[in-house]
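Small disclaimer: the values here were computed from a predicted structure and weren't measured.
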Amino acid sequence: MEKAKAFIEGISKEESELLSSLTIPPHRVSVESSFYEYYAIRGIRVDRVEPGFVSCTFRVPHRLTDREGKLASGAIANLVDEVGGAVVHVEGLPMNVSVDMSISYLSAAKFDDELEIVGRCLGKRGGYSGTSVLVRNKLTGELIAEGRHSLFGRHVSKM
């Protein structure tokens, strides 16, 4: 708690004023990317898609790094959430809702590292799906994080 308090108190008046002056226009659905899409997931390249499998590449941008230049843990969690959801998504149906996510942070990725993100469906039962997502440094093969992600979607039959 003290570390968080010190961080907040350490923001300069200039930084505070700059942050307060940000204006984000309303999102126009189906016309443009949302702020979230632009900021958090821009740059993910889908390399391969098969039923129950998605493989992506992502180069760590400066905007998602912490003060030490490492990919922020929240950004890793977001990648696990997005890729895990994409693995079980069915085109034309609403996205499933995340029920539970567990992530093991095993190593660090730094600014400009190229990552390989692989998601696999572990199984489905009723409306529940389980996925596994591995985040690995593409150059060294080092495992950055391993995530387990369970989702739920109750989709009405069209029959």
Side-chain angles (χ1 to χ4, degrees), residues 1 3-4 7 24-159:
M1 188 66 160
K3 193 174 179 181
F7 175 76
I24 300 171
H27 174 231
R28 296 181 301 170
V29 178
S30 300
V31 175
E32 61 193 4
S33 297
S34 68
F35 176 77
Y36 164 74
E37 292 166 330
Y38 180 79
Y39 187 82
I41 59 176
R42 178 180 48 149
I44 295 177
R45 186 181 75 221
V46 178
D47 298 322
R48 198 169 113 209
V49 177
E50 296 174 10
F53 177 88
V54 174
S55 177
C56 305
T57 302
F58 184 70
R59 187 167 298 276
V60 176
H62 191 268
R63 70 181 184 278
L64 298 180
T65 59
D66 60 18
R67 289 183 177 204
E68 296 173 356
K70 297 176 184 173
L71 182 61
S73 57
I76 293 171
N78 186 63
L79 290 170
V80 170
D81 187 29
E82 287 295 323
V83 175
V87 169
V88 296
H89 179 66
V90 176
E91 189 65 34
L93 295 177
M95 290 293 288
N96 292 338
V97 177
S98 296
V99 176
D100 184 49
M101 208 165 41
S102 171
I103 303 168
S104 297
Y105 298 93
L106 305 165
S107 184
K110 299 176 194 81
F111 167 68
D112 210 35
D113 281 352
E114 189 172 35
L115 306 178
E116 175 185 41
I117 307 159
V118 175
R120 288 184 169 83
C121 180
L122 298 174
K124 293 183 180 190
R125 183 167 205 136
Y128 287 94
S129 301
T131 67
S132 170
V133 178
L134 297 177
V135 181
R136 156 179 336 269
N137 182 309
K138 201 165 188 176
L139 181 66
T140 66
E142 183 177 25
L143 194 57
I144 305 300
E146 178 180 7
R148 298 282 178 141
H149 189 195
S150 60
L151 304 104
F152 178 76
R154 184 170 42 189
H155 305 298
V156 179
S157 173
K158 295 183 180 185
M159 293 178 76

Evaluate side-chain contact (heavy atoms from CB on, under 4.5 Å) for Phe58 paired with Val83, printing each intermediate quantity in order.
-> CA-CA 11 Å; Phe58 184 70; Val83 175; over 6 Å; no

Phe111: ring-ring contact (aromatic ring centres under 6.0 Å, His included) partners, not counting sequence neighbours |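 Only His62 meet the ring-ring contact (aromatic ring centres under 6.0 Å, His included) criterion with Phe111.
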
Compare every heavy atom of [Y] with every heavy atom of [X], then report the nearest pair and how far apart it is.
X	Y	result
Val135	Leu143	O-CD1, 3.5 Å
Ser55	Val118	OG-CG2, 4.1 Å
Leu151	Gly85	CD2-CA, 3.9 Å
Val80	Gly147	CG1-CA, 4.0 Å

With sequence neighbours excluded, what pairs up with Asp66 under the salt bridge (Lys or Arg N to Asp or Glu O under 4.0 Å) test?
->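 Not a single residue meets the salt bridge (Lys or Arg N to Asp or Glu O under 4.0 Å) criterion with Asp66.
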
Partners passing salt bridge (Lys or Arg N to Asp or Glu O under 4.0 Å) against Asp47 (at least two apart in sequence or in another chain) =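 Partners of Asp47 under the salt bridge (Lys or Arg N to Asp or Glu O under 4.0 Å) test: Arg45.
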
If you measure from [atom1] on [X] to [atom2] on [Y], what distance do you get to the nearest 0.5 Å?
X	Y	atom1	atom2	answer
Arg48	Cys56	CZ	SG	11.5 Å
Asn96	Ser150	CG	OG	10.5 Å
Ile44	Asn78	CD1	CG	7.0 Å
Arg148	Ser102	CZ	OG	8.5 Å
Ile144	Leu115	CD1	CG	6.0 Å
Glu142	Arg136	CD	CZ	10.0 Å

Name the atoms and distances for all side-chain donor-acceptor pairs under 3.5 Å in residues 119-133, with sequence neighbours left out.
unit_1 : atom_1 : unit_2 : atom_2 : d
Thr131 : OG1    : His149 : O      : 3.1

Just wondering, more than 12 heavy atoms not from Lys138 lying within 6.0 Å of its NZ?
->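 Atom NZ in Lys138 is crowded, with more than 12 foreign heavy atoms closer than 6.0 Å.
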
Not counting sequence neighbours, list each pair that qualifies as a ring-ring contact (aromatic ring centres under 6.0 Å, His included) and has a residue in residues 65-102.
->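 Qualifying pairs, neighbours excluded: none.
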
What residue pairs, at least two apart or across chains, pass salt bridge (charged side-chain N to carboxylate O under 4.0 Å, His left out) with a residue in residues 79-89?
->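 For residues 79-89: none.
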
Which is it for Leu139 and Glu114 under the side-chain contact (heavy atoms from CB on, under 4.5 Å) test, yes or no, and what are the steps along the way?
-> CA-CA 7 Å; Leu139 181 66; Glu114 189 172 35; over 6 Å; no

